[in-house]
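Heads up: the structure comes next, in structure tokens.
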Amino acid sequence: MAELKLVNVKKVYDNKVVSVEDFNLEIRDKEFLVLVGPSGCGKSTTLRMIAGLEEISSGDLYIGDKRVNDVPPKDRNIAMVFQNYALYPHMDVYNNMAFGLKLRKFKKDEIKKRVDNAAKILGLENLLNRKPKALSGGQRQRVALGRAIVRDAEVFLMDEPLSNLDAKLRVQMRAEIQKLHSRLQTTTIYVTHDQTEAMTMATRLVVMKDGIIQQVGAPKEVYDEPDNVFVGGFIGSPAMNFLNGKLIGNYFIMDDVKLLVPDGRLKILKERGYDGKDIILGIRPEDINDEQVFLDFSPETKVNASVEVAELMGAEIILYSQVNNQSFVARIDSRFNITAGDTIDLAFDLSKAHFFDKETELRIK
Amino acid sequence: MIDQLRKIYSTLQVYKDSSDELGIDYKWFTTDNHEVIGIRNDELTSKDISLLTAFLSPYNVKFPNPTDVEGKWRKLIFSTEPIEGEKEWKPSNPFRFVYFSFNKDQVEPILFKDAIEALFDKQVSILWHNEHEGFIIEQQMVDEDSISYDQIIDILMSDLYVKINFFVGPYKKDVNDLSLHYKSLTNVANQVFQYTNKSVVTYVDAIPFILTKQTDEGLRLDISKTILHEYIYDEETIKMIETFFECNLNLSETAKVLHLHRNSLQYRLDRFVDKTGIDIRQFHNAMTVSLALLARK
């Protein structure tokens, strides 16, 4: 098991493109840390720098107490699983798991012990003689995990390992990887662009954009208290709504729509000098309500909206509406039959909303 | 050159086929013609080794011993004239040269070859340029189990802890002009990875890189400035355009990848049209801007 520490790590490619900028992070022993962000945000590059597959341009990387910048990848005691869960097509499952150890000249009985143990953990005992083409996608991915487990490494590095699987299988494998982690307790660094995967699997999330860490925290903390507009919009599906307006007196004003700002939030906004200034309101779709009790209770945070699209998801409806030419999405209970073209009252629960600086897009706190 | 060297070093021998051993009592070198020559250690001073290393590449004895077929490929590619009395060998199937490179000292050539042969489940010819670069010669076969070079990279990365680049040449049916073809692929392979962060580049992918590289540097700069206008240094817009091209000019897909609203993307592309007069939603315009982006690199 191991802790990792990245100190001021930077990656600049030969063509001067900065891929990762001033990355500082301590990864705890046994942690399941997820690096999440859109394509090109530097998450895979960070993982590859940890693996030693990409050179670190500046800064320091420690595994345990040892600085490993110049340690070859094979000597870092890590194991990797990648997006293409490809296996040696002509080898059976046993040999696919054993091959990496054979290349490293492990003794036969040690290889057998490790492969049998990994097969047991992953429920592959009955498939050891099968070739990859006789396996399902999920089974192949389990073999790919097995190839990492047999290394008995201190750290697992996983780069979008589920992104080639179909949606149903991905959900299933998510649970399997979590079970595996709780059983092996190996420090794991997992890269994904899928915020659902990140939210459901992580002990802690690192949200990245343009090579820079935007926020680090437990999934709930990042979801409930996003540090900036990007994090608020990236984590959560449907995404957080952002509405432009002005704080005037006790109200958030969008032309002729006025929403009363709760006392606690108002105090902070005024203390920070935002009275009379443009700000951004961020509110999650589930914090917009259509229930009568909310509407009665919140007369001053109520808007009358015309429904442009209503998507019935089963237990809930996703409504796409507009207020003062600004689009927003609401997630409401599906007990009422709402369709496109309807006009309905919706109450914004501003006690759960956030306000962001218009220029910096940072949360005002 | 070999004859001249032999006059100085009487123990010089040319490595010929796989039955020979690359003896450790010899110091081995490769010539520009990729011939492997050895001189007995006791005939070399450190000064001699330094001098020889200046114009020959040291040949590591940790290389896998060349196979018969590799020897035949070498003759086909590097021999200037047919060897008397020997019937010229030809490959039985269409073949292609696949250039590979990985960081120095990350993996031993013998391990690399073992892993490659395990992936293809047969003996594969590899012509090494040095201990971290060379060409795999892949013969075209009907193989239901074959996997892509992208997948091969992931497998090798997890087994050998090595980052590899592949430049995949086109299939050839005959051995005509093989030396020229090999030389040309080597040149392209040496340049193409300066232009892209992709790990697998095919010959088709490389054509725009090759053509752009042929032009004069001043012309390249002029083209990129003329086409991209003020956007030449606007990394955010450049990234948006590159992603749009990678997504085959598909707006929705690009918006998803960039985490932008489709309308915002539409607006930014309109703004690009306003500033440059070029609508990259049209294929021919996209092609021009794509070349201008390459010229900018």
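Lettering follows sequence order; numbering is per chain, from 1. These figures come from a predicted structure and were not determined experimentally.
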Report summary line: chain B shares the most heavy-atom pairs under 4.5 Å, among A/Leu157, A/Leu87, A/Asn96, A/Leu53, with A/Leu53
Query raised in the report: Relative to chain B, which segment of A/Glu54 carries a heavy atom at a distance below 4.5 Å: side chain, backbone, both, or neither?
Result: side chain
Report task. Could you tell me whether A/His90 and B/Phe120 have their ring centroids closer than 6.0 angstrom? Result -> no
Query - B/Val107 portion near chain A, given a 4.5 angstrom heavy-atom threshold - result: neither
Report task. Using non-hydrogen atoms and a 4.5 Å limit, figure out which bit of B/Lys239 sits close to chain A: side chain, backbone, both or neither. Result -> side chain
Requested in this report: Quick one: sort the B/Phe102 and B/Phe112 rings into parallel, tilted or perpendicular, breaks at 30° and 60°.
Outcome: tilted
Query raised in the report: Donor-acceptor pair, A/Arg151 side chain versus A/Asn77 backbone, under 3.5 Å?
Result: no
Query raised in the report: In terms of the angle between their ring planes, are B/Tyr203 and B/Phe167 parallel, tilted or perpendicular, with boundaries placed at 30° and 60°?
Result: tilted
Report task. Pick one of side chain, backbone, both or neither for A/Arg104, based on which atoms fall under 4.5 Å of a heavy atom in chain B. Result -> side chain
Query raised in the report: With distance as the sole criterion, is a donor-acceptor pair present between the side chains of A/Asn244 and A/Lys358 under 3.5 Å?
Result: yes
Query raised in the report: Between B/Lys113 and B/Gln123, is there a donor-acceptor pair closer than 3.5 Å when you use the side chain of the first and the backbone of the second?
Result: no
Report task. Flag the one option from A/Lys102, A/Gln83, A/Met80, A/His193 with the top tally of heavy-atom pairs under 4.5 Å to chain B. Result -> A/Met80
Query raised in the report: A/Asp159 versus chain B, heavy atoms under 4.5 Å apart: side chain, backbone, both or neither?
Result: neither
**Report entry** Contacting moiety of B/Leu160, where chain A heavy atoms sit under 4.5 Å
**Finding:** both
